[in-house]
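These notes concern the structure reproduced below.
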Amino acid sequence: MQLPPAQSLRSARTPAPPDPAFAPSPVHSAAMADERPAMPKAITRKSEDFDRWYTDTVRRAELADYAPVRGCMVIRPYGYALWERIQRALDDMLKRTGHENMYFPLLIPESYLLKEAEHVKGFAPEVAWVTQGGQKELEERLAIRPTSETIICSMFADWIHSYRDLPVLINQWANVMRWEKRTRLFLRTSEFLWQEAHTFHETHAQAAAEVDTGLECYRELAEEWLAIPVIPGRKTESEKFAGAEYTLSIEAMMSDGWALQSGTSHHLGQNFTRAYGISFSDRENVLQHPFQTSWGLSTRIIGGLIMAHGDDAGLVMPPRVAPIQVVVVPVTRSNDPEGAAAVDEACRRIAAEAGDVRLRVDRREGIRPGEKYAHWELRGVPLRLTVGARDLATGQVTVTRRVDGESWAEPLDGVAARLPALLDEVQARIRSRAEGLLRDRSVEVRSLDELREAFAERPVFANAPFCERPACEEAVTSAAHALTIRVLRRDRSGEVGRCLACGEASSEVALIARAY
RNA sequence: CGGGGAGUAGCUCAGAUGGUUAGAGUACUGGUCUGGGGGACCAGGGGUCCGCGGUUCGAGUCCGCGCUCCCCGACCA
């Protein structure tokens with residue numbers, strides 16, 4: 001097969017359309033099908049194959065790659081830098097709300113795990129076990145933590161004695177392992193990184209307030225930092241955490257209309273504290289079991305970030321968590337040393353005046369500007385400054401916004417000082433685009449027929465009055481392919497209606513969607 | 001965990017019925033010309049053909065077992 005001439009290749013590519021997230025390119029697909037070059041320079045089109053687009057993007061943007069063990073991944077420096085940004089934002093919130101970090105061991109004795117019946121039942125299928133140390137078979141096998149409630153309870157049983165010891169508000173940043181059957185980079189890996197907060201309280205109400213605090217931290221992280229609008233709510237009985245009294249979560253819409261559970265917060269009641277024998281003397285000197293919560297947010301959120309904002313050119317990073325916020329690309333000619341010196345001088349000046357802005361000047365030699373543009377677009381860098389002789393002739397630089405491809409000229413003087421404001425605007429645009437998507441693809445339904453209809457064309461977020469009966473949940477989830485009740489919406493709890501399945505009185509609104 | 005597909009250079013792949021020293025494009029290295037959207041030319045380097053075992057004079061190719069990835073279903077942050 002003949003390779004197409006370079007010209008036709010170039011014309012087949014679509015240079016960052018104005019709204020690339022929703023702009024399919026039939027021209028491109030046709031070209032790819034008939035004369036697909038050996039190594040396509042572009043990643044798979046999002047509209048063509050969302051799953052492949054996702055994996056391509058993660059790998060080509062060098063966020064992560066597969067490791068030799070099934071379901072495990074290596075988080076590469078760019079991906080880890082992103083995680084560190086997320087960690088810092090969330091960790092600050094945790095500290096602000098009174099939580100302290102500590103660390104528990106990776107290995108948990110089997111007997112610890114067995115104490116809470118529901119919990120064991122829930123996690124049994126996905127626990128990985130250590131059975132041997134060196135050459136010796138262990139007397140008791142050790143679980144690689146799938147979560148840490150059990151070990152934490154066992155330890156705090158020794159440390160909590162009085163109401164004066166409460167509340168306990170702790171958190172740990174750790175890795176956990178769940179032997180997953182179907183894995184996907186970031187979204188569902190066997191080992192993942194997360195934060196797990198664990199708290200103990202005197203009263204049920206105090207614990208309930210803490211569950212809300214946790215969820216609010218997640219909402220703030222998602223919306224204010226990651227620019228992902230979320231819908232907070234309560235999980236149905238069938239979807240709640242193993243061993244919890246109830247579970248709250250935030251649900252985000254990915255740009256293909258699927259839902260991603262992006263953070264969960266559990267009220268554990270006294271289920272674990274009773275099972276693990278944690279008790280305290282209350283203010284009347286009566287022995288009580290404390291009320292407990294736990295909540296976690298994982299590297300999965302990175303998958304959410306990618307799928308919520310990314311487009312055909314790759315990632316779109318919200319500036320507040322972008323490892324690199326601004327990239328400066330110098331454009332010079334080799335036969336114009338004076339021009340090159342001026343460009344270099346301008347780049348230095350911008351870098352020097354950038355202050356806290358995370359800015360990088362791409363001085364790599366022998367790489368043409370166009371390739372650098374593509375390189376940083378793939379990585380989602382929010383703003384690009386192009387600095388060439390043409391710009392400097394009029395005392396300007398060219399600014400290009402990743403999210404929508406908009407380009408304009410800014411005076412070189414003081415441009416560095418204006419970057420924070422420009423980045424804020426980018427943050428707002430990314431968020432409002434995501435909010436627009438959520439709005440456009442949310443529908444209200446009142447019956448199973450309407451539900452089916454709503455999903456006939458494409459995945460949506462369907463809201464419906466729901467009575468919470470398991471039989472009705474079953475009816476809802478089997479009404480169309482792969483439906484799930486994501487949450488009972490927080491913001492609409494108490495809304496009077498008639499259940500979409502049985503028609504009986506209801507006071508909750510279910511968010512129904514297909515989910516990752 | 002069931003059904004299907006795949007694994008050959010960093011990547012995408014070609015290697016017919018087993019037969020010399022395993023190829024291409026791209027990426028990589030050096031050089032020259034270049035430089036405002038993934039450049040051109042020249043010269044190079046790079047392979048335990050996923051692993052283990054077997055059949056054979058001879059295995060990338062055939063057989064068995066295992067591992068990993070992808071797709072479709074049942075379970076999950």
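Values below: every heavy atom of this structure, side chains too, minus hydrogens, waters and symmetry copies. Each chain gets a letter, A, B and so on, in the order the sequences are listed, and its residues count up from 1.
R384(A) forms a cation-pi arrangement with Y373(A), by the criterion of a distance under 6.0 Å to the ring centre and an angle within 45° of the ring axis.
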*Under the salt bridge (Lys or Arg N to Asp or Glu O under 4.0 Å) rule, what do E118(A) and K121(A) come out as? Steps first, then yes or no, please.*
CA-CA 5 Å; E118(A) 287 302 312; K121(A) 216 172 81 197; 3.8 Å; yes
*side chain to side chain donor-acceptor pair (under 3.5 Å) between T44(A) and D56(A), intermediate numbers included*: CA-CA 7 Å; T44(A) 305; D56(A) 272 8; 2.6 Å; yes
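Going from atom CZ of R184(A) over to atom C1' of C72(B) covers 14 Å, rounded to whole Å. Distance Y373(A) OH to G39(B) P: 12 Å, rounded to the nearest Å. Whole-Å rounding puts the D362(A) CG to G37(B) P distance at 15 Å. Here the P atom of nucleotide G35(B) and the CG atom of D391(A) are 16 Å apart, to the nearest Å. Across the protein-nucleic acid pair, M73(A) atom CE and C70(B) atom P stand 13 Å apart, rounded to whole Å. The distance between atom CZ of F50(A) and atom C1' of C72(B), rounded to the nearest whole Å, is 19 Å. Separating the CH2 atom of W376(A) from the C1' atom of G36(B) is a distance of 19 Å, rounded to the nearest angstrom. Going from atom CZ of R76(A) over to atom P of G10(B) covers 14 Å, rounded to whole Å.
E245(A) has no carboxylate O lying under 4.0 Å from a charged side-chain N of K240(A), or vice versa, which leaves the two without a salt bridge. Salt bridge status for D212(A) with R490(A): present, with a side-chain N to carboxylate O gap under 4.0 Å. For E468(A) and R234(A), the salt-bridge test passes: some basic side-chain N is under 4.0 Å from an acidic carboxylate O. We find that E251(A) and R489(A) are not joined by a salt bridge, their nearest charged nitrogen and carboxylate oxygen being 4.0 Å or further apart. Using a 4.0 Å cut-off between charged side-chain N and carboxylate O, D92(A) and R88(A) make no salt bridge.
Of the residues in residues 330-338 of chain A, those with a non-hydrogen atom less than 4.0 angstrom from any atom of RNA chain B are V331(A), T332(A), R333(A), S334(A).
Heavy-atom nearest nucleotides on RNA chain B were determined for D51(A) and for I367(A), and the one closer to the 5' end corresponds to I367(A).
Residue E371(A) places no side-chain atom within donor-acceptor reach of the base of G39(B), judged by atom type and a 3.5 Å distance cut-off alone.
Here the side chains of E48(A) and W53(A) are not in contact, with every heavy-atom distance at 4.5 Å or above. Counting heavy atoms from C-beta outward, N271(A) and E116(A) have side chains that approach closer than 4.5 Å.
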Pairs under 3.5 Å (N/O, protein and nucleotides 67-69 of chain B):
| residue | atom | partner | partner atom | Å |
| --- | --- | --- | --- | --- |
| U68(B) | OP1 | R70(A) | N | 3.4 |
| C69(B) | OP1 | G71(A) | N | 2.8 |
| C69(B) | O3' | Y66(A) | OH | 3.3 |

All N/O pairs under 3.5 Å across the protein-nucleotides 74-77 of chain B interface:
| residue | atom | partner | partner atom | Å |
| --- | --- | --- | --- | --- |
| C76(B) | O2' | E180(A) | OE2 | 3.3 |
| C76(B) | O2 | R188(A) | NE | 2.1 |
| C76(B) | O2 | R188(A) | NH2 | 2.8 |
| C76(B) | N3 | R188(A) | NE | 3.3 |
| C76(B) | N3 | R188(A) | NH2 | 2.7 |
| A77(B) | O3' | Q261(A) | OE1 | 3.3 |
| A77(B) | O3' | Q261(A) | NE2 | 2.0 |
| A77(B) | O2' | Q261(A) | O | 3.4 |
| A77(B) | O2' | R300(A) | NH1 | 2.6 |
| A77(B) | N6 | T189(A) | N | 3.1 |
| A77(B) | N6 | T189(A) | O | 2.4 |
| A77(B) | N3 | S298(A) | OG | 3.1 |

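G388(A) comes within contact range of at least one nucleobase, with a heavy-atom separation under 4.0 Å. Among the heavy atoms of the strands lying under 4.0 Å from R384(A) is at least one base atom, whether or not backbone atoms are also near. Residue contacts shown for L297(A) are absent, as no nucleic acid heavy atom lies under 4.0 Å away. Note on T398(A): a base of the nucleic acid sits closer than 4.0 angstrom, heavy atoms only.
Within the 3.5 Å criterion, the main-chain N or O of Y112(A) finds no donor-acceptor partner in the side chain of T150(A). Side-chain atoms of S265(A) come within 3.5 Å of backbone N or O of V211(A) as a donor-acceptor pair.
Nucleotides C71(B) and G36(B) are separated by 37 Å at their P atoms, to the nearest Å. A gap of 48 Å separates the P atoms of G3(B) and A40(B), to the nearest Å. Using C1' as the reference atom, A74(B) and C1(B) are 8 Å apart when rounded to the nearest Å. A distance of about 23 Å separates the P atoms of U68(B) and G54(B), rounded to the whole Å.
Put simply, CG on L90(A) and OH on Y218(A) are 6.5 Å apart, with the number rounded to the nearest 0.5 Å.
Among G36(B), G38(B), G37(B), the nucleotide with an atom closest to any side-chain atom of H375(A) is G38(B).
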